[in-house]
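The residues of the chain are indexed from 1 along the displayed sequence. For ligands, and for the atoms within them, numbers begin at 1 and follow the listed sequence.
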Amino acid sequence: MIRLCSASESRAKLLREFDIDFIQSPVDFDEEQIQTNDARKFVYHASKGKLEAAEAAFGLEIPLLVADTVIAGPRGQILRKAKDRDDAERILRTISGEEIAIVSCAHLKSARRYFLDLSATHYRFAPFDETELQRYLESGEWQGKAGACMVEGFCKPYIEKVQGLESTAMGLQVEILRPWIEV
Ligand SMILES: Nc1nc2c(ncn2[C@H]2C[C@H](O)[C@@H](COP(=O)(O)OP(=O)(O)OP(=O)(O)O)O2)c(=O)[nH]1
């Protein structure tokens, strides 16, 4: 059993798909305080902040799992969750037909061990179809997702090249974490 200290339904879904027993206990951490333009540094500091908040709130009786995910855009810019529909459209037009990296940093900490992984999955997308893009924006499925991206959904048909795990892109590199969760 682990404690997923995240409000993310994507992360919960991934743990369920991999038959990993967990309880879900979201924690608050203000990511606005992080001062960096580097996606890897951002997810490291954001996830570390979530871990510190989780340990203060729950202790280590049940191993803690936290994570943070952002997109590094075509020019390396950090793309986070869209604020609203217009922001989602702006971001999606930024990544349409472009190469991006989706970066996730996860920390797994128990009383006996501390495991950290920072991974990226690289994509090259074909240009998004305008009608499909508007339909996706209308659906609201982009909400709560870094860069308004759904690699297993809207973005999937446009993937021309991929390098890395889909789970990393969805917010939690479960294949990498699992051996440590079962130990
Ligand atoms: N289903 C899906 N979710 C994605 C994809 N890319 C990113 N995400 C999700 C994973 C995370 O829930 C979210 C990234 O935001 P954060 O890392 O800040 O986590 P979130 O605010 O959701 O929860 P937390 O801060 O952990 O309580 O985007 C994707 O391609 N598919």
Which of these, K50, R11, K81, sits in a salt bridge (charged side-chain N to carboxylate O under 4.0 Å, His left out) with D68? K50
Atom 30 (O) of ligand 1: nearest protein contact (heavy atom, Å): V151 N, 2.8 Å
Got an N/O contact under 3.5 Å between I102 and ligand 1? no
Examine distances only and state if a side-chain atom of T168 and a backbone atom of T121 form a donor-acceptor pair shorter than 3.5 Å. no
Check whether any N or O atom of G171, backbone or side chain, sits under 3.5 Å from an N or O atom of ligand 1, and answer yes or no. no
Answer yes or no: does atom CG of D84 have more than 12 heavy-atom neighbours from other residues, nucleotides or ligands under 6.0 Å? yes
Does a salt bridge link R135 with E132, judged by any charged N lying under 4.0 Å from a carboxylate O? yes
Just to confirm my output: which protein heavy-atom neighbour is closest to atom 25 (O) of ligand 1, and how far is it? K50 NZ, 2.8 Å
Heavy atom of C149 under 4.0 Å from ligand 1? yes
Nearest non-hydrogen protein atom to atom 1 (N) of ligand 1, with distance, is E152 OE2, 2.8 Å
side-chain hydrogen bond (donor to acceptor under 3.5 Å, both in side chains) between S6 and Q24, worked out: CA-CA 7 Å; S6 171; Q24 192 164 6; 5.0 Å; no
Minimum-distance protein heavy atom relative to atom 18 (O) of ligand 1: D68 OD1, 3.3 Å
Side chain or backbone of S10 under 4.0 Å from ligand 1, or both, or neither, by non-hydrogen atoms? side chain
Check this for me: does any side-chain nitrogen of one of E9 and R16 sit under 4.0 Å from a carboxylate oxygen of the other? yes
So which atom in L92 and which in F128 form the shortest heavy-atom distance, rounded to 0.1 Å? O-CE1, 3.5 Å
Is R80 touching ligand 1 with its side chain, its backbone, both, or neither, if touching means heavy atoms under 4.0 Å apart? neither
Could you find the nearest protein heavy atom to atom 14 (C) of ligand 1 and give me its residue, atom name and distance? T69 O, 3.7 Å
Expected list for residues 51-64: side-chain donor-acceptor pairs under 3.5 angstrom, two or more places apart:
from : atom 1 : to   : atom 2 : distance (Å)
E55  : OE1    : K109 : NZ     : 2.9

Answer yes if the ring centres of Y123 and Y158 are under 6.0 angstrom apart, and no otherwise. no
Judged on heavy-atom distance to atom 10 (C) of ligand 1, which of M170, K145, E9 sits nearest? M170
For S6, the ligand 1 atoms whose distance to one of its heavy atoms is below 4.0 Å: 23 (O), 24 (P), 26 (O), 27 (O)
Report the part of A46 (side chain from C-beta onward, or backbone N, CA, C, O) that has a heavy atom under 4.0 Å from ligand 1; answer both or neither where that applies. neither
So SG of C155 and NZ of K145: to nearest 0.5 Å the spacing works out to 10.5 Å
For atom 6 (N) of ligand 1, the option (of A146, A169, C155) bearing the nearest heavy atom: A169
Quick check: does A7 get an N/O under 3.5 Å from an N/O on ligand 1? yes
Looking at E17 and K13, does any basic side-chain N land under 4.0 Å from a carboxylate oxygen? yes
Could you pull out the closest heavy-atom pair between H107 and Y114, with the gap in Å? ND1-OH, 2.7 Å
protein heavy-atom neighbour closest to atom 11 (C) of ligand 1 works out as S8 OG, 3.7 Å
Return the closest protein heavy atom for atom 20 (P) of ligand 1 as residue, atom name and distance. K81 NZ, 3.7 Å
Side chains of V70 and L79: does their closest heavy-atom pair fall under 4.5 Å? no
Any atoms of ligand 1 less than 4.0 Å from a non-hydrogen atom of E31? List them with their elements. 18 (O)
Tell me which protein heavy atom sits closest to atom 19 (O) of ligand 1, plus the residue, atom name and distance to 0.1 Å. R11 NH1, 3.0 Å
Atoms of ligand 1 close to M150 [distance to a heavy atom under 4.0 angstrom, numbered from 1]: 29 (C), 30 (O), 31 (N)
Can you tell me which portion of K13 lies within the under-4.0 Å heavy-atom range of ligand 1? Options are side chain, backbone, both, or neither. neither
